[in-house]
Amino acid sequence: MISDYSQRLIVQEVAPRDGLQIEPTWVETTDKIKLIDQLSLAGFSRIEAGSFVSPKAIPALRDGEQVFQGITRRQGVVYVALIPNLKGAQRALQAGADELNLVLSASQSHNQANMRMTREQSLAAFAEVVALARGSAVSLNGTVATTFGCPFEGPIDEGLVMRLVDIYQSLGMQGVTLADTTGMANPRQVYRLVRRVLEQLPAAALTLHFHNTRGLGLSNVLAAYEAGARRFDAALGGLGGCPFAPGASGNICTEDLVNLCEEMGIDTGIDLPRLLDLSRTLPSLLGHEMPGQVAKAGRNCDLHPLPPGIG
Ligand code: COA
Ligand code: ZN
């Protein structure tokens with residue numbers, strides 16, 4: 001253990017995007033706006049508030065324009081939009097997104113399944129997005145999906161991930177996200193790759209995006225933190241998943257991550273009681289239980305009364 005736990009861990013909340021994109025229940029635009037507004041009040045500095053993709057591909061997020069235009073922007077919060085191509089970037093800029101998250105899979109087959117493009121076609125589209133964004137105030141983040149494994153191809157070559165990180169940097173993107181789309185990463189692999197990437201990128205420019213599909217989500221966070229990473233995506237309640245990746249399931253759960261940080265003395269700036277209250281509204285909004293654990297168990301400090309007759 002080499003880490004200095006006094007360094008803040010930044011959580012980007014992705015439930016409004018990764019969380020809702022796979023939900024079968026339609027969430028009304030006003031409910032999406034309320035959720036994002038509540039998240040803004042909970043202390044996040046970054047919220048992925050939606051995506052601007054084909055409404056046929058992701059019908060659940062087809063109201064991105066109304067959502068971005070309806071939210072109450074809190075000063076200091078960066079509202080991010082996921083986009084796959086130029087059309088998505090144009091829509092997101094028009095809707096007032098602060099940052100565009102451009103997504104491409106390291107695996108050719110997952111990129112085909114998810115984006116209906118080859119990696120080369122995605123990268124050509126990203127060059128158009130970079131040209132569009134030039135001169136505007138919007139910032140750009142490039143995501144490498146399936147970084148730690150692909151549900152169709154299996155292991156991903158680290159050299160390929162490094163080349164994609166290089167390409168994102170040479171395109172002038174300010175941030176890079178390494179995403180474990182279907183929870184295939186393990187802590188040893190995460191530690192090694194994060195160390196390697198941080199030789200090339202400052203920690204402030206790197207985000208890790210883990211899914212808890214195989215129960216390793218928070219272990220991977222700690223491995224990445226130990227390796228120097230400081231920014232993580234997480235979803236309220238542990239919602240999330242890519243509809244075009246077989247077997248995909250929830251992101252790491254935000255309140256479980258924040259609770260872990262509080263217990264370890266790592267600052268996140270996030271109001272955990274408020275977050276727990278908000279997470280406990282999700283089952284009625286979406287009609288099912290959430291995978292997150294702390295919303296059910298309570299915090300360590302939420303003690304129980306002694307049984308009658310004891311003490
Ligand atoms: N927003 C809205 N509509 C879009 C769009 C965007 N960003 N990009 C393309 N479209 C529309 C086109 O205008 C066209 O519309 P039409 O049928 O009315 O003419 C239609 O979608 C097909 O366009 P095409 O470029 O041929 O797209 P495609 O069918 O090959 O799909 C993507 C490519 C990238 C648009 C689609 O695969 C997609 O949106 N994928 C995102 C999946 C996702 O969000 N996954 C989870 C997050 S990682
Ligand atoms: Zn994801």
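Just so you know, ligand 1 is whichever comes first in the structure, and atom 1 is the first atom listed for that ligand.
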Which residue and non-hydrogen atom of the protein lie closest to [atom], and at what distance in Å?
atom                    : value
atom 6 (C) of ligand 1  : V53 C, 3.6 Å
atom 47 (C) of ligand 1 : Q21 OE1, 3.4 Å
atom 42 (C) of ligand 1 : N114 O, 3.3 Å
atom 39 (O) of ligand 1 : S54 N, 2.8 Å
atom 11 (C) of ligand 1 : K87 NZ, 4.3 Å
atom 38 (C) of ligand 1 : A57 CB, 3.7 Å

>> Please report whether ligand 1 has a polar contact with V103, defined as an N or O pair separated by less than 3.5 Å (distance criterion only).
In response: no
> Can you find an N/O atom of F244 closer than 3.5 Å to an N/O atom of ligand 1?
Replying inline: no
Among [options], closest by any non-hydrogen atom to [atom]:
atom                    : options              : answer
atom 44 (O) of ligand 1 : I58, L86, N85, T143  : I58
atom 34 (C) of ligand 1 : K56, M115, Q121      : M115
atom 30 (O) of ligand 1 : M117, R116, R91, R17 : R116

Is [atom] close to the protein, meaning a heavy atom under 4.0 Å from it?
atom                    : result
atom 19 (O) of ligand 1 : no
atom 8 (N) of ligand 1  : yes
atom 27 (O) of ligand 1 : no
atom 23 (O) of ligand 1 : no
atom 1 (N) of ligand 1  : yes

>> If I compare all heavy atoms of L206 with all of V197, which pair ends up nearest, and what's the gap?
In response: CD1-CG1, 4.0 Å
>> Ignoring hydrogens, what is the shortest heavy-atom contact between I83 and A92? Give both atom names and the distance.
In response: CG2-CB, 4.0 Å
Give the atom name of whichever N/O/S atom in [X] sits closest to the Zn ion (ligand 2).
X    : value
D18  : OD2
H211 : NE2
H209 : NE2

> Should the pair F68 and F52 be assigned to parallel (<30°), tilted (30 to 60°) or perpendicular (>60°) ring geometry?
Replying inline: tilted
Can you tell me how far [atom2] of [Y] sits from [atom1] of [X], rounded to the nearest 0.5 angstrom?
X    : Y    : atom1 : atom2 : answer
L160 : R119 : CG    : CZ    : 5.0 Å
L100 : Q90  : CG    : CD    : 11.0 Å
I36  : E13  : CD1   : CD    : 10.0 Å

>> Check this for me: E263, atom CD, are more than 12 non-hydrogen atoms of other residues, nucleotides or ligands nearer than 6.0 Å?
In response: yes
>> Looking at Q293, I want to see if its CD is surrounded by more than 12 non-hydrogen atoms of other residues, nucleotides or ligands under 6.0 Å.
In response: no
> Can you name the one residue among D180, D18, T177, T143 that meets side chain to side chain donor-acceptor pair (under 3.5 Å) with H209?
Replying inline: D18
Check ion pair [X]-[Y] (N to O, under 4.0 angstrom):
X    : Y    : value
K34  : D31  : yes
R299 : D302 : yes
E99  : R46  : yes
R196 : E158 : yes

>> Taking a cutoff of less than 4.0 Å between a non-hydrogen atom of the residue and any ligand atom, is P55 in contact with ligand 1?
In response: yes
>> Quick check on contacts: which atoms of ligand 1 are under 4.0 angstrom from a heavy atom of P84?
In response: 34 (C)
> Short list, please: which atoms of ligand 1 are under 4.0 Å from a heavy atom of G88?
Replying inline: 7 (N)
